[in-house]
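To keep things clear, I will list the structure first and then write my remarks on it.
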Amino acid sequence: MLKKITITAFIIIICTFNIRAQNDSEVMSYSLQECIDYALEHNQNLINAAFEKDIADTQVKETLSRGMPQVNINSGLNYNYELQKSLLPATIFDPNAAAGEEIQFAFGQAYDGNIALSASQLLFDGSFFVGLQAAKTYRELSSKEHIKTQIDVVEAVSKAYYNVLVNQERLELLDVNLSRLDSLLRDTKGLEKEGFAEKIDVSRIQVQYNNLKVQVSNTKQLLELSYDLLKFQMGAGQDSDLTLTDKLEEVDFTVIEESGFDYNERIEYSQLQTNLALVNLDMKNNKVQYFPTLYANFNYGYNTQTGQSDQLFKGSRWLNFGAVGLSLSMPIFDGFLKSSRIQKNRIQAKQIEQSFDLLENSIDLEIKQAKVNMNTAIDNMVVQKENAALAREIYDIAKIKYQEGVGSNLEVTNADADYKEAQTNYYDALYAALVAKVELEKAYGRLNK
């Protein structure tokens with residue numbers, strides 16, 4: 001029986017280990033949109049921006065609490081070891097006392113206590129209602145800040161994703177080049193042994209081969225860093241496995257240009273509108289402070305006094321009291337403080353209104369520049385792709401001529417160097433076009449839609 005239990009437990013442990021090993025080795029495959037969706041949930045900047053939204057919500061509740069009833073219980077016990085004294089005319093206690101003579105008299109007793117319930121309710125305060133509007137507007141601003149952070153995260157993730165794709169394809173082509181150059185090096189060494197090539201021919205190709213090996217190694221490290229950057233922008237752990245499913249040839253470089261662009265599509269424009277609303281609310285708040293504030297008050301409690309501590313807690317000695325009333329506060333003169341604040345608010349409002357023109361001009365220029373950059377980058381990418389194809393054709397021809405004995409080894413090595421340079425230029429142009437696409441979509445305010 002014990003042997004059966006031991007075998008069963010061993011099988012369970014082995015199965016559990018295999019399941020965990022499968023989970024640990026699982027590679028997550030993500031498209032660009034899936035990476036963006038993941039980042040919108042896990043990016044640290046977005047998480048902090050969400051906290052700011054929560055803080056804004058609490059500020060609304062904090063402001064609202066001023067309009068709720070304020071209830072307190074206050075109590076205290078005192079031992080008056082030295083009673084306060086007053087000087088009274090002696091004739092009060094002794095009619096025969098000399099005129100002008102005074103005696104010391106202590107009011108109160110050695111022990112006193114009190115307990116009271118107090119409540120107040122705001123009836124009218126202009127600042128409260130304006131403050132409530134301002135708190136809600138601030139919550140709206142925090143929400144827009146969160147959207148702005150989302151746009152920045154989408155931009156960063158998109159660029160990092162495309163960077164990985166470009167470096168992946170660059171590395172794949174470098175591996176092909178390395179294999180091709182290795183084959184050429186072996187063929188040239190064979191020709192040297194047969195007397196059809198010189199030592200210098202082998203050396204030239206060996207130098208290029210060595211340089212290409214270093215380039216492959218550097219590109220591998222660059223690709224790894226590209227993955228790390230993408231994981232960082234997504235908010236994923238650096239030790240997580242990540243595979244990208246999108247392909248560069250599937251990227252659509254078409255960006256629909258809008259006629260009659262609406263500035264409200266840009267979150268920065270909406271943020272400026274909210275800032276103007278906050279300034280106007282602050283000015284309104286300073287104006288309503290000229291109005292009085294009115295509170296309703298209620299108090300009820302008990303107090304006692306005694307000369308002996310053992311009588312302090314006798315119920316018959318605690319006397320009740322109560323009061324209901326209104327309290328009104330009317331501002332009269334504050335040294336022109338509110339007037340100065342209102343003047344400052346008016347200047348701030350004019351400043352923000354002026355900023356609308358500046359922002360509109362800035363957006364127009366940004367869109368125009370993004371269009372130019374996009375068109376230039378695509379044109380350059382097309383040209384560099386054609387150049388890479390031509391450089392490959394030139395290399396193939398030079399290699400065939402060399403193998404047939406009608407070309408030189410120097411011509412082959414030069415053609416190979418030109419081909420690799422053309423490849424580098426193409427991938428640089430390709431990534432520039434991808435970045436320009438992202439920036440144009442951001443300029444139109446469509447990056448997070």
Side-chain angles (χ1 to χ4, degrees), residues 28 30-63 134-165 225-238 240 242 244 246 255 258 261-279 281 352 355-356 358-360 362-367 369-370 373-374 431 434-449:
M28 302 302 294
Y30 286 93
S31 65
L32 173 58
Q33 187 57 52
E34 288 170 339
C35 285
I36 290 173
D37 293 340
Y38 185 95
L40 293 179
E41 292 184 11
H42 299 89
N43 182 274
Q44 292 298 321
N45 291 330
L46 269 175
I47 292 174
N48 289 333
F51 286 146
E52 289 295 332
K53 287 178 59 180
D54 295 339
I55 291 173
D57 289 337
T58 61
Q59 287 184 332
V60 173
K61 296 177 181 178
E62 180 182 341
T63 304
K136 293 179 179 178
T137 306
Y138 176 72
R139 180 172 59 184
E140 178 184 345
L141 181 62
S142 298
S143 179
K144 292 179 180 180
E145 289 286 350
H146 185 261
I147 295 174
K148 176 65 168 58
T149 306
Q150 284 182 329
I151 294 173
D152 293 339
V153 168
V154 172
E155 178 186 14
V157 170
S158 299
K159 290 180 178 180
Y161 192 96
Y162 289 138
N163 189 33
V164 172
L165 291 182
L225 288 176
S226 302
Y227 269 110
D228 291 341
L229 177 60
L230 177 58
K231 294 173 189 176
F232 172 77
Q233 300 294 358
M234 291 171 58
Q238 292 295 310
S240 58
L242 185 64
L244 309 189
D246 288 0
V255 177
E258 297 183 4
F261 172 74
D262 186 0
Y263 295 108
N264 288 305
E265 294 291 326
R266 291 288 297 268
I267 190 62
E268 296 91 340
Y269 198 84
S270 182
Q271 287 176 306
L272 198 58
Q273 291 174 326
T274 305
N275 283 325
L276 179 60
L278 284 173
V279 169
L281 284 171
I352 294 179
S355 298
F356 277 106
L358 178 63
L359 181 58
E360 289 174 3
S362 176
I363 291 175
D364 291 339
L365 179 60
E366 184 180 349
I367 292 176
Q369 287 178 332
N373 291 340
M374 179 72 173
Y431 183 66
L434 291 168
V435 170
K437 174 181 180 294
V438 173
E439 291 179 347
L440 181 56
E441 290 176 342
K442 181 181 179 182
Y444 276 125
R446 299 200 301 259
L447 196 57
N448 194 31
K449 294 183 179 179

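Along the sequence shown, the residues carry numbers beginning at 1.
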Pairing donors with acceptors under 3.5 angstrom, does anything connect the side chains of [X] and [Y]?
X    : Y    : answer
S240 : K231 : no
D262 : Y444 : no
Q33  : D37  : yes

Considering only heavy atoms from C-beta outward, does the side chain of [X] approach that of [Y] to under 4.5 Å?
X    : Y    : value
Q273 : N264 : yes
L434 : V438 : no
I55  : S142 : no
E140 : S143 : no
I147 : I151 : yes
Q233 : L229 : yes

Would you check if the side chain of [X] reaches a backbone N or O of [Y] as a donor-acceptor pair within less than 3.5 Å?
X    : Y    : value
N373 : A436 : no
Q59  : A56  : no
N43  : A39  : no

Find the distance between [atom1] ([X]) and [atom2] ([Y]) and round it off to the nearest 0.5 Å.
X    : Y    : atom1 : atom2 : answer
E155 : E439 : CD    : CD    : 6.0 Å
Y263 : D364 : OH    : CG    : 3.0 Å
Y431 : N163 : OH    : CG    : 4.5 Å
H146 : L46  : NE2   : CG    : 5.0 Å
S158 : K442 : OG    : NZ    : 11.0 Å
I267 : T149 : CD1   : OG1   : 10.0 Å

Taking atom CZ as the centre, does F232 end up with more than 12 heavy-atom neighbours from other residues, nucleotides or ligands that are less than 6.0 angstrom away?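 No, the 6.0 Å shell around CZ holds no more than 12 heavy atoms from other groups.
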Are any of the side-chain nitrogens in [X] or [Y] under 4.0 Å away from the carboxylate oxygens of its partner?
X    : Y    : answer
K136 : D57  : no
R266 : E366 : yes
E145 : K53  : no

Which residues satisfy the salt bridge (charged side-chain N to carboxylate O under 4.0 Å, His left out) test with K437, sequence neighbours excluded?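 In terms of salt bridge (charged side-chain N to carboxylate O under 4.0 Å, His left out), with neighbours along the sequence ignored, K437 is linked to E441.
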Listed by chain and number, what are the salt bridge (charged side-chain N to carboxylate O under 4.0 Å, His left out) partners of E52, not counting sequence neighbours?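 Once residues adjacent in sequence are excluded, E52 has no partner under the salt bridge (charged side-chain N to carboxylate O under 4.0 Å, His left out) criterion.
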Give the intermediate values and the outcome of side chain to side chain contact (heavy atoms under 4.5 Å, CB included) for residues Y138 and V60. CA-CA 9 Å; Y138 176 72; V60 173; over 6 Å; no
Go through the structure and list residues passing side-chain contact (heavy atoms from CB on, under 4.5 Å) with L225, not counting sequence neighbours.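 L225 satisfies side-chain contact (heavy atoms from CB on, under 4.5 Å) with D228 once adjacent residues are dropped.
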Are I367 and F261 close enough, and set up right, to give a side chain to side chain contact (heavy atoms under 4.5 Å, CB included), and what steps lead you there? CA-CA 10 Å; I367 292 176; F261 172 74; 3.9 Å; yes
Relative to the ring of Y38, is the ring of H42 parallel (under 30°), tilted (30 to 60°) or perpendicular (over 60°)?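 Plane angle under 30°, so parallel.
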Where A134 and L278 come nearest, the two heavy atoms and their spacing: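 Closest heavy-atom pair between A134 and L278: O-CD2, 3.7 Å.
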Heavy atoms only: give me the nearest L32-V157 pair and the separation to one decimal.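 Looking at all heavy atoms of both residues, the closest pair is CD1-O, 4.4 Å.
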Is the F356-Y269 ring centre distance short of 6.0 angstrom?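 Between F356 and Y269, the centre distance is under 6.0 Å.
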In sequence, state the C-alpha distance, the side-chain angles, and the governing distance for T274 and T137, and then conclude on side chain to side chain contact (heavy atoms under 4.5 Å, CB included). CA-CA 7 Å; T274 305; T137 306; 3.8 Å; yes
